[in-house]
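Naming convention: chains lettered A, B, ... in sequence-line order (proteins, then strands); numbering from 1 in each chain. None of the values given here were measured: they were computed from a predicted structure.
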There are 2 protein chains.
Amino acid sequence: MALKHTILAFLSRQPLSGYEVAKEFTEGFGGCFWKASQQQVYAELAKLERQGCVVYEAIPQAGRLDKKIYSITPSGHQSLIDWLTQPTEPTAIREDLGVMGLAGHLVPNQVVYGEIERRQNLHRDMAQHLKTMDSHFAKHVDALELKDLYMHLIIRRAIRYQEDWVAWCDEALEAIERVVNR
Amino acid sequence: MALKHTILAFLSRQPLSGYEVAKEFTEGFGGCFWKASQQQVYAELAKLERQGCVVYEAIPQAGRLDKKIYSITPSGHQSLIDWLTQPTEPTAIREDLGVMGLAGHLVPNQVVYGEIERRQNLHRDMAQHLKTMDSHFAKHVDALELKDLYMHLIIRRAIRYQEDWVAWCDEALEAIERVVNR
DNA sequence: TATTCGTATTCAATCTTTTGAATACAAGCA
DNA sequence: TGCTTGTATTCAAAAGATTGAATACGAATA
């Protein structure tokens with residue numbers, strides 16, 4: 001249920017169009033910890049508007065639908081603060097690869113091994129991409145103000161997550177090799 | 001979409017009732033990598049039955065609804081193998097705490113700090129619980145057959161995940177302290 | 001004896017997310 | 001000129017997940 005509050009958090013920084021909010025998830029910082037499609041963002045913004053958490057200014061576009069620039073309202077701001085004050089729940093893990101743990105022996109071990117190798121490369125790339133995003137903050141960590149430190153820490157969380165995957169893949173690949181060459 | 005295949009994977013090991021499958025998620029091994037409510041499990045089993053992936057034997061219960069013991073069919077088995085042969089996609093991260101990265105400065109830093117401490121304890125407990133689950137395998141890792149090694153590796157994935165959270169919390173708490181006491 | 005816990009299944013409503021599509025123009029490229 | 005890319009919004013259907021409840025009995029506990 002953090003979609004609502006993630007969007008509010010974006011709008012608490014600056015007014016944005018639906019298109020721009022959606023881009024935050026797919027290209028920007030939001031993707032570090034939440035995922036949402038463009039349609040989801042537009043639907044959520046409309047809902048937020050009905051709830052009085054945001055308002056928009058319609059900018060007429062030549063020959064097409066108005067562009068809507070959304071801003072957070074005091075009520076939306078309060079809703080965000082209330083939410084931030086509540087305890088969070090750890091996200092439930094849902095990981096497709098886990099099925100291998102139960103049934104991996106039903107396919108040749110090369111399939112399992114190859115899949116782990118493939119995943120390792122994906123996670124390595126994602127870690128690299130996140131590090132690039134973080135480089136601006138990472139350069140002068142000790143001089144960051146709290147606002148930027150929080151940002152940095154969340155990107156760090158995402159980097160660690162990806163790097164931990166990479167390390168686990170190493171561990172798993174080695175273990176499988178040892179058993180297969182036994 | 002792994003719910004279907006996780007259930008098939010359980011049934012590939014032994015026939016189970018809906019109740020028992022649900023318990024695998026809440027108490028057993030399934031919870032390491034997937035989450036499903038009891039209602040979801042019952043609904044999915046009914047769907048799987050309609051698809052011909054499982055069959056059940058109804059065991060009459062004194063005065064109440066029949067107990068249904070589900071078994072995997074050859075078609076369900078094939079569907080599981082087909083799925084295992086496909087590449088997996090890394091699960092999208094969806095983490096409530098991430099909103100703190102965007103808007104944590106809107107609440108007192110003690111709120112952020114306290115929440116990270118709270119989460120650290122939760123993840124520490126979860127890591128401990130998983131280690132207990134794994135202890136049986138961990139004792140003789142080098143003697144495990146492939147089937148059990150896969151199981152062990154997936155539990156290890158979950159342990160690492162929780163431990164990485166604990167470590168990140170340390171990192172974050174320290175960094176916040178440094179900034180606050182500056 | 002009353003209450004709670006564990007076993008066991010089902011239904012209904014709602015919320016969240018995904019998938020797929022339609023519309024439309026400006027700008028850059030081939 | 002035709003094609004793709006980026007900007008920008010909206011609708012609709014389906015799938016997946018959550019929340020809340022009802023039913024029912026045996027066994028253990030208080």
Expressed as a whole number of angstroms, how long is the span from [X]:[atom1] to [N]:[atom2]?
X: A/Gln40; N: D/dA14; atom1: CD; atom2: P; answer: 19 Å
X: A/Glu44; N: D/dT9; atom1: CD; atom2: C1'; answer: 16 Å
X: A/Trp34; N: C/dT18; atom1: CH2; atom2: C1'; answer: 15 Å
X: A/Leu48; N: C/dT16; atom1: CG; atom2: P; answer: 12 Å
X: B/Lys4; N: D/dA15; atom1: NZ; atom2: P; answer: 12 Å
X: B/Leu3; N: C/dT17; atom1: CG; atom2: C1'; answer: 15 Å
X: B/Leu45; N: C/dA8; atom1: CG; atom2: P; answer: 14 Å
X: A/Ile59; N: C/dC25; atom1: CD1; atom2: P; answer: 19 Å

(request) Kindly determine whether B/Phe33 and B/Tyr161 satisfy ring pair (Phe, Tyr, Trp, His ring centres under 6.0 Å), including the steps that lead there. (result) CA-CA 11 Å; B/Phe33 67 90; B/Tyr161 173 78; over 10 Å; no
(message) I'd like to know if the side chain of B/Asn181 reaches the main chain of B/Glu177, judged simply by a donor and an acceptor atom lying under 3.5 Å from each other, with no hydrogens or angles considered.
(response) yes
(message) As a test of reading the structure: which of C/dT17, D/dT9, D/dT19 is closest to the side chain of A/Lys67, going by heavy atoms?
(response) D/dT9
Does the pair [X]/[Y] count as a salt bridge with the N-to-O cut at 4.0 Å?
X: A/Glu171; Y: B/Arg160; answer: yes
X: B/Glu115; Y: B/Arg118; answer: yes
X: A/Glu20; Y: A/Lys67; answer: no

(request) Take the C1' atoms of the five end pairs on each side of the helix from C/dT1-D/dA30 to C/dA30-D/dT1, derive the two axes, and give their angle rounded to 10 degrees. (result) 30°
(message) List the residues meeting ring pair (Phe, Tyr, Trp, His ring centres under 6.0 Å) with A/His136, not counting sequence neighbours, and say none if there are none.
(response) A/His140
(request) List for me each residue that meets ring pair (Phe, Tyr, Trp, His ring centres under 6.0 Å) alongside A/Trp34, sequence neighbours excluded, and say none if there are none. (result) none
(request) With sequence neighbours excluded, give me every side chain to side chain donor-acceptor pair (under 3.5 Å) pair touching residues 93-109 of chain A. (result) A/Glu95-A/Arg119, A/Glu95-B/Thr91
(message) D/dC25, OP1 or OP2 - any side-chain N/O from B/Gln61 closer than 4.0 Å?
(response) no
(request) For C/dT18, take OP1 and OP2 only and decide whether either is under 4.0 Å from a side-chain N or O of A/Lys35. (result) yes
(message) Tell me if the centroids of the rings in A/Phe10 and A/Phe25 come within less than 6.0 Å of each other.
(response) yes
(message) Any heavy-atom pair between the side chains of A/Arg182 and A/Arg178 that's under 4.5 Å?
(response) no
Please list each protein N or O that sits under 3.5 Å from an N or O in nucleotides 10-15 of chain C, with the distance.
{"residue": "C/dT10", "atom": "OP1", "partner": "B/Lys68", "partner atom": "NZ", "Å": "2.7"}

(message) For B/Gln78 and B/Asp82, which I'm curious about, is there any donor-acceptor pair between the side chains at under 3.5 Å?
(response) yes
(request) With DNA chain C as reference, determine whether B/Arg94 or B/Glu20 sits nearer its 5' end, using the nearest nucleotide of each. (result) B/Glu20
Taking N or O atoms only and anything under 3.5 Å, show me the protein contacts with nucleotides 4-6 of chain D, one pair per line.
none

(request) Carefully, step by step, assess A/Val111 and B/Leu84 under the rule side-chain contact (heavy atoms from CB on, under 4.5 Å). (result) CA-CA 8 Å; A/Val111 171; B/Leu84 286 165; 5.9 Å; no
